[in-house]
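Each chain gets a letter, A, B and so on, in the order its sequence line appears, and its residues count up from 1.
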Amino acid sequence: MPGSIRASDTDKALVAAGPRLGTGWRWWARRFLRNRVAPIGFVIIFASVVIAATAPAIAPHDVRVMSPEDALSPPGGRYLFGTDEFGRDVFSRVLMGSRVSLVVAFLSVLTAVAMGTSVGLAAGYYGGWWDSVSMRVMDIVFAFPAILLAIAIMAVLGTSLFNLVIAIGIVYTPQFARVARAAALGVRSLEFIDAARALGMGNARIMRRHVIPNVMAPMIVQISLSLSLAILSESALSFLGLGTRPPTPSWGNMLSDGRQLLELAPWNAVFPGLAIMIVVLGFNLLGDGLRDLLDPRLR
Amino acid sequence: MQRYLATRLLALIPVLLGILAVVFLLIRLIPGDAVQLFLGTQVEMTPEQMAELRRFFGVDKPIWAQFVDYLGRILRGDFGVSLRTSRAVLPDIMARLPLSFQLAMFALAIALAIAVPLGILSAVTRNSAFDVLTRIGGLLGLSMPNFWLGAMLILVFSRYLHVSLGQYVPLRQNPLGTLESLYLPAIALGVAIAAILMRYIRSSLLEVLGQDYVRTARGKGLRASAVMLRHALPNAMIPVITVVGFQMGYLLGGTVVIEEIFALPGMGRLVLQAIFQRDYPVVQGVVLTIALLFVVTNLVVDLLYAWIDPRIRYG
């Protein structure tokens with residue numbers, strides 16, 4: 001878009017005009033804050049992480065304690081979001097549920113980044129047979145609908161938090177492999193790589209010093225968007241009974257229970273879903289904003 | 001076009017083999033013995049009987065030979081036998097395939113019906129209140145879990161609007177009945193795709209509107225509507241076709257979740273039931289069928305793209 005080209009030109013001019021301004025974190029922070037959506041996304045994510053970390057302390061009720069006399073109380077009064085069929089506080093359970101969602105999302109995306117980036121960087125940088133073989137394997141993983149592959153992996157491995165991370169991690173690996181490969185391919189033929197090689201730098205060092213920093217921008221955007229997909233996948237798997245199992249509250253399994261109570265006590269299904277939506281929205285806003293900031297070409 | 005078709009079909013072979021290998025290996029990854037899995041834990045057998053059964057199932061051979069056997073069976077349309085019902089897997093899948101496929105296609109139609117007009121209007125009225133609201137709506141649609149949206153639709157329609165959610169009616173019996181029984185699930189499944197497509201159409205159209213040839217068309221005095229309909233829109237919509245292709249996986253995979261919440265007897269419910277009953281041949285069969293469906297629909301989308309845009313065919 002013409003607008004963005006002009007923007008990046010002024011940035012270059014700024015950098016050229018005053019090295020005092022620098023490209024350090026202050027400069028990035030200022031640009032980040034000037035973006036319309038990224039700070040909102042960041043605040044949402046930051047708040048959810050704080051809530052997840054402090055959930056046991058800030059939850060008004062113990063999520064395991066059942067008080068049958070309060071079963072299915074509507075929202076308001078002692079129970080902000082109402083109670084479920086066992087009289088457990090939905091608000092506290094939503095707060096505690098954030099832990100599973102965020103932990104699984106972060107760990108699975110971390111897994112996908114680690115696997116995908118190493119495969120993709122090697123494929124793009126070295127090329128040759130490794131490139132064709134590894135990318136064919138990624139194509140095959142890509143040939144399965146994401147959620148179906150995750151369901152199949154969970155069916156085989158069995159339900160546990162660790163398996164959930166592995167299943168979602170595998171599903172999102174190809175995207176990172178492709179992003180890393182494309183970036184490495186783009187950098188490989190540039191002159192400064194030749195220069196680095198002429199100076200006697202080894203492959204590992206060139207990779208670390210020159211290739212990886214150039215992969216960072218598209219990677220960060222992809223990480224943020226994948227986190228939103230990972231949250232959705234985790235909740236879908238838990239909803240289907242293939243993820244987190246009760247009594248550990250997760251937004252997915254709360255929704256699964258809440259569905260049985262849709263007529264009687266709809267708040268059991270409404271609030272966990274809203275929680276998912278807010279966190280996913282946060283990652284989407286952050287991802288969109290970072291894409292505008294870091295990689296105007298991708299728009 | 002024939003040439004393009006031939007290369008595309010050839011390129012499909014390794015992917016198909018890969019899919020089959022993954023589906024085949026899926027079951028090998030389960031801890032424990034295949035024969036034991038089949039028998040369950042109750043049956044006591046002598047080692048000789050076990051060896052006999054292993055030969056019968058062909059699991060005494062090396063794994064590559066088993067894979068070749070598996071390929072042969074799949075090619076002959078033999079997807080194995082259900083461990084629970086002892087019925088052949090393929091006919092059961094075929095009986096449930098139409099519902100899932102119709103649901104996915106209906107969701108796509110709804111998504112396009114929402115995304116195309118909104119995306120175009122949003123781009124044309126860039127930065128207007130309408131544009132901003134549409135974009136916020138798009139972000140919300142993108143962030144909503146489809147199964148939650150499904151639950152909310154059920155809640156609103158049955159509790160507040162008192163619309164009864166009927167049973168699935170097969171297309172051959174009564175097409176209108178099919179639409180009536182699938183429109184809520186299709187909305188639940190289609191909203192996220194609508195959001196993705198809308199965002200894409202908007203940015204694609206904005207990009208095209210900034211191109212030189214659009215400026216030329218305007219410069220030679222064409223009416224704004226002619227510039228839009230003849231020059232901008234066709235070029236903006238072409239890349240949207242590929243995005244539709246990418247989203248087929250979401251639509252086909254999403255049917256599993258949506259069928260569960262709307263209690264629709266499609267392939268998704270079949271596979272979930274099979275998973276909880278440890279009926280692995282059925283799980284294998286459904287996963288394979290949906291993956292093949294994904295590959296085929298993707299191929300159709302790519303061919304459509306090449307047919308519309310000659311640059312792809314001859315590129």
Side-chain angles (χ1 to χ4, degrees), chain A residues 1-3 37 41 136-137 139-158 171 225 228-229 231-233 235-237 239-242 251-252 255-256 258-259 262-263 266 268-270 272-285 288 298-299, chain B residues 14-19 21-23 25-31 139-140 142-152 154-155 158-159 192 199 203 206-207 210 248-257 260-261 268 271-272 274-276 278 280 283-284 286-287 290-295 298:
Chain A
M1 255 171 265
V37 290
R136 284 301 82 73
V137 172
D139 282 350
I140 288 160
V141 178
F142 236 9
F144 289 90
I147 190 73
L148 181 75
L149 187 59
I151 288 172
I153 296 172
M154 288 310 286
V156 169
L157 297 181
V171 167
L225 297 176
S228 77
L229 293 173
I231 298 253
L232 288 173
S233 304
S235 64
L237 289 172
F239 170 76
L240 294 174
L242 291 165
W251 294 335
L255 255 162
S256 170
R259 187 174 56 124
L262 210 50
E263 291 283 322
N268 275 291
V270 171
L274 281 177
I276 298 171
M277 196 162 117
I278 290 167
V279 174
V280 172
L281 182 68
F283 283 119
N284 277 330
L285 287 170
D288 275 9
L298 283 177
R299 250 189 302 185
Chain B
V15 174
L16 288 177
L17 278 176
I19 288 174
V22 169
V23 173
L25 287 173
L26 219 50
I27 303 307
R28 309 285 131 177
L29 289 174
I30 300 170
L139 267 168
L140 290 179
L142 205 62
S143 308
M144 223 184 278
N146 54 19
F147 54 96
W148 179 71
L149 178 59
M152 293 302 108
I154 293 175
L155 180 66
S158 70
R159 190 183 159 116
R199 283 154 59 98
S203 66
L206 280 176
E207 200 180 311
M248 287 315 300
Y250 173 86
L251 288 169
L252 291 168
T255 56
V256 178
V257 187
E260 170 66 20
I261 193 139
V271 75
L272 283 178
I275 287 171
F276 293 119
R278 311 201 157 271
Y280 293 109
V283 178
Q284 252 181 330
V286 176
V287 171
I290 297 182
L292 291 179
L293 212 55
F294 182 31
V295 169
N298 243 328

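Only the side chain of A:F239 comes within contact range of chain B, with heavy atoms under 4.5 Å apart. Interface residue B:L272: only side-chain heavy atoms are found under 4.5 Å from chain A. In this structure, no portion of B:L17 lies under 4.5 Å from any heavy atom of chain A. Interface remark: B:M152 contributes side-chain atoms only to the contact with chain A (heavy atom separation under 4.5 Å).
Heavy-atom minimum distance, A:I140 versus B:P14: CD1-O, 4.2 Å. A:P272 and A:L255 make their closest contact through CB-CG, 4.3 Å (heavy atoms, listed as atom of the first residue, atom of the second, distance).
At a threshold of 4.5 Å between non-hydrogen side-chain atoms, the residues B:W148 and A:M277 count as touching. Under the 4.5 Å side-chain criterion, counting only non-hydrogen atoms from C-beta, A:F144 is not in contact with A:V171. A heavy-atom distance below 4.5 Å is not found between the side chains of A:L225 and A:F283.
When the candidates B:V22, B:L155, B:V15, B:N298 are compared by the number of heavy-atom contacts under 4.5 Å with chain A, B:L155 comes out ahead. Chain A forms more heavy-atom pairs under 4.5 Å with one residue of B:L140, B:V283, B:V295 than with any other, namely B:L140. Heavy-atom pairs under 4.5 Å with chain B peak, among A:S235, A:S256, A:G252, A:S228, at A:S235. The residue among A:A236, A:G258, A:G158, A:A152 with the most heavy atom pairs within less than 4.5 Å of chain B is A:A236. Contact count versus chain A (heavy atoms, under 4.5 Å) is highest, among B:L16, B:I261, B:V286, B:L293, for B:I261. Counting heavy-atom pairs closer than 4.5 Å to chain B, the top residue among A:L242, A:L149, A:L157 is A:L242. Listed options B:L142, B:V256, B:I154, B:L149 were ranked by heavy-atom pairs under 4.5 angstrom with chain A; first place goes to B:L142. Across A:V270, A:L229, A:I278, A:I276, the residue that shares the most heavy-atom pairs under 4.5 angstrom with chain B is A:V270. By number of non-hydrogen pairs under 4.5 angstrom with chain B, the leading residue of A:L240, A:I147, A:I153, A:L285 is A:L240. Per-residue counts of heavy-atom pairs under 4.5 Å with chain B were compared for A:V137, A:D288, A:D139, A:I151; the largest is that of A:D288.
Atom CG of residue B:N146 and atom CG of residue B:L251 lie 10.0 Å apart, to the nearest 0.5 angstrom. Here the CD1 atom belonging to B:I290 is positioned 7.0 Å from the CG atom belonging to B:L252, to the nearest 0.5 angstrom. Here A:N284 contributes atom CG and A:L232 contributes atom CG; the two are 8.0 Å apart, rounded to the nearest 0.5 Å.
Listed by chain and number, the residues in a side chain to side chain donor-acceptor pair (under 3.5 Å) with B:Q284 amount to none (sequence neighbours excluded).
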